[in-house]
Protein chains: 2
Amino acid sequence: MKKEIDNKLNLKNIKPTAMRQLVLQVLTEQKTAISLPELEQKFEKADKATLYRTLKTFQENKLIHSIEDGSGSLRYALCQDNCECDPEDLHVHFLCTNCNQTFCLKDIPVPTINLPSSFSLESVNMVVKGVCSNCKK
Amino acid sequence: MKKEIDNKLNLKNIKPTAMRQLVLQVLTEQKTAISLPELEQKFEKADKATLYRTLKTFQENKLIHSIEDGSGSLRYALCQDNCECDPEDLHVHFLCTNCNQTFCLKDIPVPTINLPSSFSLESVNMVVKGVCSNCKK
DNA sequence: AATAACTTTGCAACCCGGTTGCATGAACTT
DNA sequence: AAGTTCATGCAACCGGGTTGCAAAGTTATT
Ligand SMILES: [Mn+2]
Ligand SMILES: [Mn+2]
Ligand SMILES: [Zn+2]
Ligand SMILES: [Zn+2]
């Protein structure tokens with residue numbers, strides 16, 4: 001639904017250009033997190049730099065979050081509705097070592113840990129690796 | 001101490017070549033985890049590929065562990081004495097957003113999390129970002 | 001409606017971490 | 001001594017990410 005897409009963009013103060021609509025469409029349909037190279041492949045003919053900057057804009061405006069899953073490329077997924085990407089908003093991610101897909105475990109918050117008081121905390125990246133439900137057959 | 005270095009290598013069934021002794025020496029002196037490019041800089045003249053393969057050998061033999069800290073390059077640090085790099089051996093890592101150094105928080109084990117039963121667990125990478133004690137001045 | 005100012009896009013080039021093929025050299029075996 | 005195995009050095013490559021710059025598109029101003 002075109003209207004939905006535009007609403008989402010407007011809500012985050014992102015001008016709804018054609019490119020951005022298309023990218024958000026793809027992100028919305030995705031069940032797993034997607035990387036820049038993977039996103040590139042979803043289009044017949046699209047420029048990597050434009051997609052790169054689109055993702056960057058989306059992330060700066062907290063429409064998506066990025067995941068350092070150790071797969072070799074950063075992956076991205078839509079944020080929850082009220083996400084501010086603060087430590088308490090974060091969830092655990094899961095990388096399947098068989099199909100190489102990354103899942104947002106949205107209902108598993110990142111556990112709080114007690115840092116030595118001399119360290120201050122800004123964010124946490126927690127990635128669990130193993131075999132996903134699809135691959136466990 | 002040369003003897004110590006060789007002992008460590010022998011214990012892990014790694015033939016103590018000159019290159020390996022030197023690399024282990026550096027790793028032992030390090031207080032923070034080190035990346036391949038950083039390791040390269042520690043030597044006047046050393047081949048990246050050799051260092052790369054040295055680190056790979058060390059990791060395969062569980063002398064070191066690698067950390068995906070999202071800094072752009074993998075980082076490596078010595079394992080604890082009896083480490084098998086199993087999930088229960090893992091600890092949390094900390095990346096300082098100011099000095100870009102990665103610390104092993106050896107005494108903070110990675111919290112266990114309850115995955116959906118359809119997922120199986122192999123390993124966990126947990127990286128906390130913030131400002132380290134040195135940088136907080 | 002025409003102009004100016006700003007934003008987005010496309011293309012090309014680049015950087016850098018990681019990885020591999022291959023030839024040489026060292027160590028160990030027979 | 002000759003053969004085998006393993007380690008090293010060099011060069012080249014790959015892929016993800018990033019940037020400069022000019023063209024195209026948008027929005028604001030006269
Ligand atoms: Mn997520
Ligand atoms: Mn560590
Ligand atoms: Zn899978
Ligand atoms: Zn620091």
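Residue numbering restarts at 1 for every chain, and letters A, B, ... go by the order of the sequence lines.
Across all strands shown, Arg53(B) has heavy atoms under 4.0 Å from base atoms, whether or not it also approaches the sugar-phosphate.
Rounded to whole angstrom, the span from the CE atom of Met19(B) across to the C1' atom of dA27(C) amounts to 18 Å. Across the protein-nucleic acid pair, Leu22(A) atom CG and dT8(C) atom P stand 16 Å apart, rounded to whole Å. Distance, Asp69(B) CG to dG18(C) P: 10 Å, rounded to whole Å. Between the C1' atom of dT18(D) and the CG atom of Leu51(A) lies a distance of 14 Å, rounded to the nearest Å. Taking atom CD of residue Glu44(A) and atom P of nucleotide dG10(C), one finds them 14 Å apart after rounding to whole Å. Between the CD atom of Glu60(B) and the P atom of dT19(C) there is a distance of 11 Å, rounded to whole Å. Between Asp47(A) atom CG and dG17(D) atom P there is a gap of 15 Å when expressed in whole angstrom units. As rounded to whole Å, 9 Å separates atom P of dT18(D) from atom CG of Leu36(A).
Aromatic pair Phe58(A)/Tyr76(A): ring centres not closer than 6.0 Å.
For Ser73(B), the listed nucleotide lying nearest its side chain is dG17(C); candidates were dG9(D), dG17(C), dG10(C). The side chain of Leu74(A) approaches dG17(D) more closely than any other nucleotide in the set dG17(D), dT9(C), dG17(C).
The phosphate of dT19(C) has OP1 or OP2 within less than 4.0 Å of a side-chain N or O from Tyr52(B). Look at Thr17(A) and you'll find a side-chain N or O under 4.0 angstrom from OP1 or OP2 of dT9(C).
A salt bridge links Lys129(A) with Glu68(B): the closest approach of a Lys/Arg side-chain nitrogen to an acidic carboxylate oxygen falls below 4.0 angstrom.
Using bins of under 30°, 30° to 60° and over 60° for the plane-to-plane angle, the ring pair His91(B)/His65(B) lands in the perpendicular bin.
Map Lys15(B) and Tyr76(B) each onto its nearest nucleotide of DNA chain C; the residue landing nearer the 5' end is Tyr76(B). Position along DNA chain D of the nearest nucleotide to Arg20(B) versus Lys48(B) favours Arg20(B) as the more 5'-ward residue.
Of the options Gln30(A), Glu38(A), Gln101(A), a side-chain hydrogen bond (donor to acceptor under 3.5 Å, both in side chains) to Arg75(A) is made by Glu38(A) and by none of the others.
The 12-atom threshold is exceeded at NZ of Lys12(A), counting heavy atoms of other residues, nucleotides or ligands nearer than 6.0 Å.
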